[in-house]
Asker: 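Pasting in a structure now, in structure tokens, and then I'll have a few things to ask.
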Amino acid sequence: MTSARKTLLTGLATFVGGVALWLFGLDEEIFIFTPSKIGVVLMVVGGVETLYGVYKVVSGADDGTASGHR
């Protein structure tokens, strides 16, 4: 699996984890943190990482030809 697809899958997994925390952590509070707020942060980070993975897949920026390797 190429690095671009790994980035895409990692971003999607982070986004899904953030959605789960956001949905199921609305009424909870763990010490100082609220899981729903952490979920929103994870959704943003996962979304950005997913978009970066899509960019790398579409542009072919991670195919290894830039450094001379094939």
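Position 1 is the first residue of the sequence; numbering continues from there.
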Asker: Locate the shortest heavy-atom distance separating F15 from M43; write the atom from each residue and the value.
Answerer: CD1-O, 3.3 Å
Asker: Which residues pass the side-chain contact (heavy atoms from CB on, under 4.5 Å) test with L51, sequence neighbours left out?
Answerer: none
Asker: Looking at L42, is its backbone amide N or carbonyl O close enough to the side chain of T14 to form a donor-acceptor pair, meaning the two atoms are under 3.5 Å apart?
Answerer: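 Such a contact is absent between T14 side chain and L42 backbone.
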Asker: To the nearest 0.5 angstrom, please state how far the CG atom of L12 sits from the OG1 atom of T50.
Answerer: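 Here the interatomic distance stands at 4.0 Å.
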Asker: Quick one: do F24 and V40 end up in the same hydrophobic cluster if we chain Ile, Leu, Val, Met, Phe, Trp and Tyr together by side-chain heavy atoms under 4.5 Å apart?
Answerer: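 Linked within one cluster.
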Asker: Between NZ of K37 and CG of L21, what distance do you get to the nearest 0.5 Å?
Answerer: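 Answer for the NZ-CG pair, K37 versus L21, is 14.0 Å.
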Asker: Nearest 0.5 Å, please: how far is NZ in K56 from CD in E49?
Answerer: 9.0 Å
